[in-house]
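So the structure is just underneath, and the comments pick up after that.
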There are 2 protein chains.
Amino acid sequence: MNSTKHFSELSPAAERIVDVAQGLIQRAGYNGFSYEDIAREVGIKKPSIHHHFPTKAELVAVVTQRYMHRFREALLRLEGRHARAPERLLAYADLFEQTYGAQRQLCLCGMLGAEADAIPAEVAHEVQQFFKANMTWLTDVIAQGQQQGSLRAGVDPAAQAQLLLCALEGAMVVGRAAGRVAHQGPAALGAALVLSLRA
Amino acid sequence: MNSTKHFSELSPAAERIVDVAQGLIQRAGYNGFSYEDIAREVGIKKPSIHHHFPTKAELVAVVTQRYMHRFREALLRLEGRHARAPERLLAYADLFEQTYGAQRQLCLCGMLGAEADAIPAEVAHEVQQFFKANMTWLTDVIAQGQQQGSLRAGVDPAAQAQLLLCALEGAMVVGRAAGRVAHQGPAALGAALVLSLRA
DNA sequence: ATGATCGAACCTACTAGTTGGTAGGTATTC
DNA sequence: GAATACCTACCAACTAGTAGGTTCGATCAT
């Protein structure tokens with residue numbers, strides 16, 4: 001049924017197109033870039049992009065799938081490096097900092113989530129999966145931290161997970177919108193929140 | 001120098017256009033709607049909109065100015081109803097809930113902030129003012145609450161203001177993106193944060 | 001080895017529809 | 001009569017997407 005190309009079997013050229021497309025979405029959103037923009041940046045002609053990705057919806061779906069996959073991998077690496085919940089949450093916040101630190105780029109799914117009503121349904125569905133996966137991971141980490149005594153018990157793990165996720169996504173949006181105004185990045189904001197969760 | 005129309009002197013027709021434009025931006029973003037969309041919804045022809053607002057940038061600037069003005073008015077009313085800092089912050093969070101509650105609409109400036117790199121500079125500047133005003137108001141309320149003993153002292157008011165603002169903006173983005181998945185609204189999320197700030 | 005063949009990658013040239021915006025005319029109202 | 005609000009008719013630029021041809025390297029049978 002799913003005839004869409006998979007991100008794991010992309011030619012070098014297709015990979016470059018996905019790279020550029022991801023950056024453009026993070027900067028300008030789904031409706032803020034065109035195939036022509038990609039063509040210019042990749043150094044290829046516009047119809048050649050259609051050769052790799054017949055429709056825009058398909059391309060963005062692949063971009064989103066790859067983004068989510070890489071995010072999941074980052075979470076696994078992070079679990080290997082940090083055993084305790086507080087450190088895991090700090091490292092999680094740092095993932096957002098890394099994205100934002102690179103030219104104030106937004107989280108891809110944060111951007112697409114804001115535009116949810118104006119993008120193809122298949123893309124919106126991928127974005128939904130991203131946030132579902134994040135909520136699950138965060139809730140589990142917080143619940144484990146409470147059981148192991150590294151995090152203060154008595155607060156609902158799911159509610160705290162949502163608070164952290166929303167704060168990090170919001171920090172990127174507000175940070176970009178506030179422009180030059182002094183503004184802490186996602187990492188500092190996340191650190192403050194994690195601190196208040198400590199046992 | 002500023003030849004742009006002011007939102008306080010709009011004809012009834014112009015006001016309807018601004019109403020519709022605001023809703024469209026909150027749903028689909030700056031690049032997600034067209035003059036044709038407004039025309040359809042208002043029940044007027046497209047060039048008639050250019051009669052009221054020559055350019056899209058000008059229209060959206062007026063939309064944003066009116067939005068910020070109304071927000072400031074809401075803050076003043078809110079101060080009249082609630083004297084203590086915790087209640088003021090809860091009422092503040094409820095402003096976001098009201099917006100989000102109406103068909104999961106995003107904060108206008110949250111949406112435009114995400115698109116900051118893809119919108120006219122004059123609009124981006126207005127958005128920046130919105131967040132600056134919010135940060136100032138929140139920081140003052142929190143600082144006063146600490147002085148009056150209704151909020152726990154020892155935490156940086158500006159940092160807490162930013163955390164609350166980012167969490168509320170993020171809650172709208174994530175909530176919309178998460179779709180049907182169970183998700184607390186901005187009000188519940190804000191309430192949890194305010195609770196942790198209480199003395 | 002050689003040459004035919006096939007497919008991937010890319011191109012030029014195009015389409016139909018949409019975009020923001022303009023020109024110029026017609027009612028209505030003060 | 002003059003401004004306001006609206007209209008029809010248009011424009012150039014851009015949008016995603018298509019048609020059809022070229023180049024080129026790998027794979028084949030001879």
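What's counted below: heavy atoms across the whole structure, side chains too, no hydrogens, waters or symmetry copies.
Nearest nucleotide to the side chain of B:Thr55, out of C:dC10, C:dA13, C:dG21: C:dG21.
Residue B:Glu36 contributes atom CD, which lies 14 Å from atom P of C:dG17 at whole-angstrom precision. Remark: C1' of C:dC10 and NE2 of A:His52 are 8 Å apart, rounded to the nearest angstrom. In this structure, CD of B:Glu58 is placed 13 Å from C1' of C:dG21, rounded to the nearest angstrom. As rounded to whole Å, 13 Å separates atom P of C:dC11 from atom NZ of A:Lys46.
Within the 3.5 Å criterion, the main-chain N or O of B:Leu75 finds no donor-acceptor partner in the side chain of B:Arg88.
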Under 3.5 Å, which N/O atoms of the protein pair with N/O atoms of nucleotides 24-30 of chain C?
none

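The phosphate of C:dC10 (OP1 or OP2) has no side-chain N or O of A:His51 nearer than 4.0 angstrom.
Classification of A:Arg81 and A:Glu87 as a salt-bridged pair fails, no side-chain N sitting under 4.0 Å from a carboxylate O.
What you find for B:Ala177 and A:Phe131 is that their closest heavy atoms are CB-CE1, 3.4 Å.
Between A:Asn134 and A:Phe71, the closest side-chain pair of non-hydrogen atoms falls below 4.5 Å. A:Val60 is not listed as a side-chain neighbour of A:Pro120, based on a closest heavy-atom distance of 4.5 Å or more.
Other residues, nucleotides and ligands place no more than 12 heavy atoms under 6.0 Å from the CD atom of B:Gln103.
Read 5' to 3', the first and last nucleotides of DNA chain D with an atom closer than 4.0 Å to a heavy atom of chain A are D:dT15 to D:dT18.
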Problem - CA sep, side-chain torsions, deciding dist, call: A:Arg40, A:Asp37, salt bridge (Lys or Arg N to Asp or Glu O under 4.0 Å) - result: CA-CA 5 Å; A:Arg40 203 176 307 121; A:Asp37 294 328; 3.4 Å; yes
Practice task
Give the C-alpha distance, both sets of side-chain angles, the deciding distance and a yes or no for side-chain contact (heavy atoms from CB on, under 4.5 Å) between B:Leu151 and B:Leu89.
Solution key: CA-CA 11 Å; B:Leu151 293 183; B:Leu89 296 178; 4.2 Å; yes
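The OG atom of B:Ser196 sits 6.5 Å away from the CZ atom of B:Arg152 when rounded to the nearest 0.5 Å.
Residues from residues 8-35 of chain B placing a heavy atom under 4.0 Å of any atom in DNA chain C, listed by number, are B:Phe33, B:Ser34, B:Tyr35.
Using cut-offs of 30° and 60° for the angle between ring planes, the A:Phe33 and A:Tyr30 rings count as perpendicular.
A donor-acceptor contact closer than 3.5 angstrom links the side chains of B:Gln98 and B:Asp94.
Judged by distance alone with a 3.5 Å cut-off, no donor-acceptor contact links the side chain of B:Lys56 to the base of C:dG21.
Mapped onto DNA chain D by nearest heavy atom, A:Arg40 and B:Lys45 fall at different nucleotides, with B:Lys45 at the one closer to the 5' end.
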